[in-house]
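Indexing begins at 1, ligand by ligand and atom by atom, following the structure's order. FYI, the numbering just counts along the sequence from 1.
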Amino acid sequence: MTLTSVKVPTTAFADQKPGTSGLRKKVKVFMQKHYTENFIQSILNVLGEALQGSTLIVGGDGRYFSKQAINMIIRITAANGVRKLIIGKRGILSTPAVSNLIRKYKVLGGIVLTASHNPGGINNDFGIKYNTENGGPAPDAFTNAIFEQTKTLAEYKTCVDLDCDFQEIGEQSFKVDNREFTVDVIDAAEDYVVLMKEIFDFDKLRALIKGQDGKGFNVLIDSMNGVTGPYVQKIFLDELKADQNAVTRIIPLDNFGEIHPDPNLTYAKELVDKVKADTKYDLGAAFDGDGDRNMIIGSQAFFVTPSDSLAVIANNLQCIPYFRKHGVHGFARSMPTGAAVDRVAAKLKKEMFVVPTGWKYFGNLMDAGRLSLCGEESFGTGSDHIREKDGVWAVLAWLSIIEHKKMGVKQILEEHWKEYGRNYFTRYDYEEVESEAANKMMTHLNNIIASGELIGKTFDIQGKSFKVKLTDDFSYVDPIDKSVTRNQGLRIMFEDGSRLVFRLSGTGSSGATIRLYADSYEQTNVTADAQEMLKPLVQVALDVSKLKEFTGRQEPTVIT
Ligand code: VG1
Ligand code: CO
């Protein structure tokens, strides 16, 4: 039977501007009539001619509303001339897995259904993101073009009678407007596991976990009820033979069990407490909802900042087969990330890039063969094996280093700081601040930075003295395509190398989130408590920004 597509008249929405990583809104916003359909059609309109006869990957973290959204995607892509969809079973695919599938099967792109670390469930968030043919998040030019489409969209095409189940593995074919349309439902984890086995030495990792004389290396891997469950099951249990107690919360739930699937000290407290309480654990790790973030803690919950994690991995890439084979090109970090990796780059004589916040800015450098490893302070670490950050990859990288150096997490960090000195780093998040108040604070900061009035000024606080050297609003010129990205964070840099950064989050779904980043370098005093160390600098930030006055917030919601 041939199915026929129809054109459905619709009215445009004014609020479909993608943020740092796709469009993220409350589920109920996506549930409005035509809202999700409009956004999908807008993505397809931007793809234009390339869409005819193409293949797309579809999947996500399985959060509430994913099934409905995938049904819409099936019908709308079929009506728009797409030839084939590859969908993860039950709609489940981690963000790194989507990136891998796009690259491996050389398809046009992928639609990722996730709001990442934002909570899920009917009263929380949903998100849609498009990844291009290099496997990475669509660049600004593309997402701006989507936004332009959404503003004037008057109709979308769909095939209302197309009913296609994606609960079980297998291929289904349809005839839509006399064209072939195929939906291939695949195992979520299979291709990803193949990739990891090419990158890492699984025999060595298995031996590490098993150990000698009955004393293995004990890990506790927390999927936080997010998408990494099936990947963790296959890699840590089936392949590396860790025992069942080494993993937790590995069944993806559509509301993440009512937690924030956000791997940091606040929202992954359950993991931190377990590792702290039980001295048998040598390493704990957690991932976010869509599996691209990671948090690493050592024995007794010794915390590794993502900025340090990046530097340590950079310093030890030679123990990972993938890098021995492909070589190590440059390194990169997002601007707010602590500069620990810059020191490693300088020592190893590698190119070092500093890009705006968001993984999309790493892609061009990787495609040009100038970037092998990169990271963000927001618990993102990854390499050029794909074009997304990769949580499970990061843990396997750490285990490879531990196996190679025969050292624990804390010992590795202490050795690293001894060699390079330490970039103390902290981030304060003020979540769901009233938008107007947050904007006023940013305008105030913008004004004093634009006027240059802070330059040369000294702040004497809590026995420390900070003299302002430079202030600016970070902008970036992509070294490959020369595109310019402005307004990426207000920076105050001091004579002693300390630095403050302020920016507003681009991933929230209600109100505004203010992020305040503080970092400061110490050559020899490397084992102090980061929060204590950075207290005076944070006080400068609060004084200069008048954050408490503008927002009424006395304390941040999350401290990293
Ligand atoms: C945050 C992080 C940023 C990260 C982005 C997407 O963005 O700060 O580093 O790339 O989330 O991560 P923002 O604009 O809220 O600061 V994910 O794992 O949520 O896709
Ligand atoms: Co994520």
K.L.:
For R515, take its heavy atoms, then give the atoms of ligand 1 lying under 4.0 Å from any of them.
P.N.:
8 (O), 13 (P), 15 (O), 16 (O)
K.L.:
Do the charged groups of E377 and R333 touch, with an N to O distance under 4.0 Å?
P.N.:
no
K.L.:
Closest non-hydrogen protein atom to atom 17 (V) of ligand 1, residue and atom name please, with distance?
P.N.:
S116 OG, 2.7 Å
K.L.:
Between R515 and D429, is there a salt bridge with N-O shorter than 4.0 Å?
P.N.:
yes
K.L.:
Check this for me: does any side-chain nitrogen of one of D140 and K360 sit under 4.0 Å from a carboxylate oxygen of the other?
P.N.:
yes
K.L.:
May I ask you to decide whether K234 forms a salt bridge with D187, counting only side-chain N to carboxylate O separations under 4.0 Å?
P.N.:
yes
K.L.:
Give a yes-or-no answer on whether the side chains of N134 and D367 include a donor-acceptor pair shorter than 3.5 Å.
P.N.:
yes
K.L.:
Within the 4.0 Å heavy-atom shell around T357, which atoms of ligand 1 are there?
P.N.:
3 (C), 8 (O), 9 (O)
K.L.:
Just to confirm my output: which protein heavy-atom neighbour is closest to atom 9 (O) of ligand 1, and how far is it?
P.N.:
S378 OG, 2.6 Å
K.L.:
Of the choices E377, K389, R427, R503, which has the non-hydrogen atom that lies closest to atom 12 (O) of ligand 1?
P.N.:
K389
K.L.:
Just to be sure I'm reading this right: ignoring hydrogens, which of H117, R293, M335 gets closest to atom 5 (C) of ligand 1? Compare them by their nearest heavy atoms.
P.N.:
R293
K.L.:
For G358, take its heavy atoms, then give the atoms of ligand 1 lying under 4.0 Å from any of them.
P.N.:
10 (O)
K.L.:
Among all the protein's non-hydrogen atoms, which is closest to atom 7 (O) of ligand 1, and how far away is it?
P.N.:
T507 CG2, 3.5 Å
K.L.:
Just one of Y64, F13, Y35 clears the ring-ring contact (aromatic ring centres under 6.0 Å, His included) bar with F30, so which one?
P.N.:
Y35
K.L.:
Is R63 salt-bridged to D254, going by a charged N under 4.0 Å from an acidic O?
P.N.:
no
K.L.:
Parallel under 30°, tilted from 30 to 60°, perpendicular over 60°: which one fits the rings of F379 and F303?
P.N.:
tilted
K.L.:
Any nitrogen or oxygen of D288, side chain or backbone, less than 3.5 Å from one on ligand 1?
P.N.:
yes
K.L.:
Looking only at heavy atoms, is any part of S505 under 4.0 Å from ligand 1, and if so is it the side chain, the backbone, or both, or is it neither?
P.N.:
both
K.L.:
Please note down the angle at the Co ion (ligand 2) between OD2 of D288 and OD1 of D292, to the nearest 10°.
P.N.:
90°
K.L.:
Is the shortest distance from a Lys or Arg side-chain nitrogen in K274 or D222 to a carboxylate oxygen in the other one below 4.0 Å?
P.N.:
no
K.L.:
Note the single closest protein heavy atom to atom 20 (O) of ligand 1, along with its residue, its atom name and the distance in Å.
P.N.:
R24 NH2, 3.0 Å
K.L.:
Can D125 and K25 be counted as an ion pair, charged N to O under 4.0 angstrom?
P.N.:
no
K.L.:
Test of geometry: compute the angle OG(S116)-the Co ion (ligand 2)-OD1(D290) and round it to 10°.
P.N.:
90°
K.L.:
Return the closest protein heavy atom for atom 4 (C) of ligand 1 as residue, atom name and distance.
P.N.:
E376 OE1, 3.5 Å
K.L.:
Do any N/O/S atoms of S21 come under 2.8 Å of the Co ion (ligand 2)?
P.N.:
no
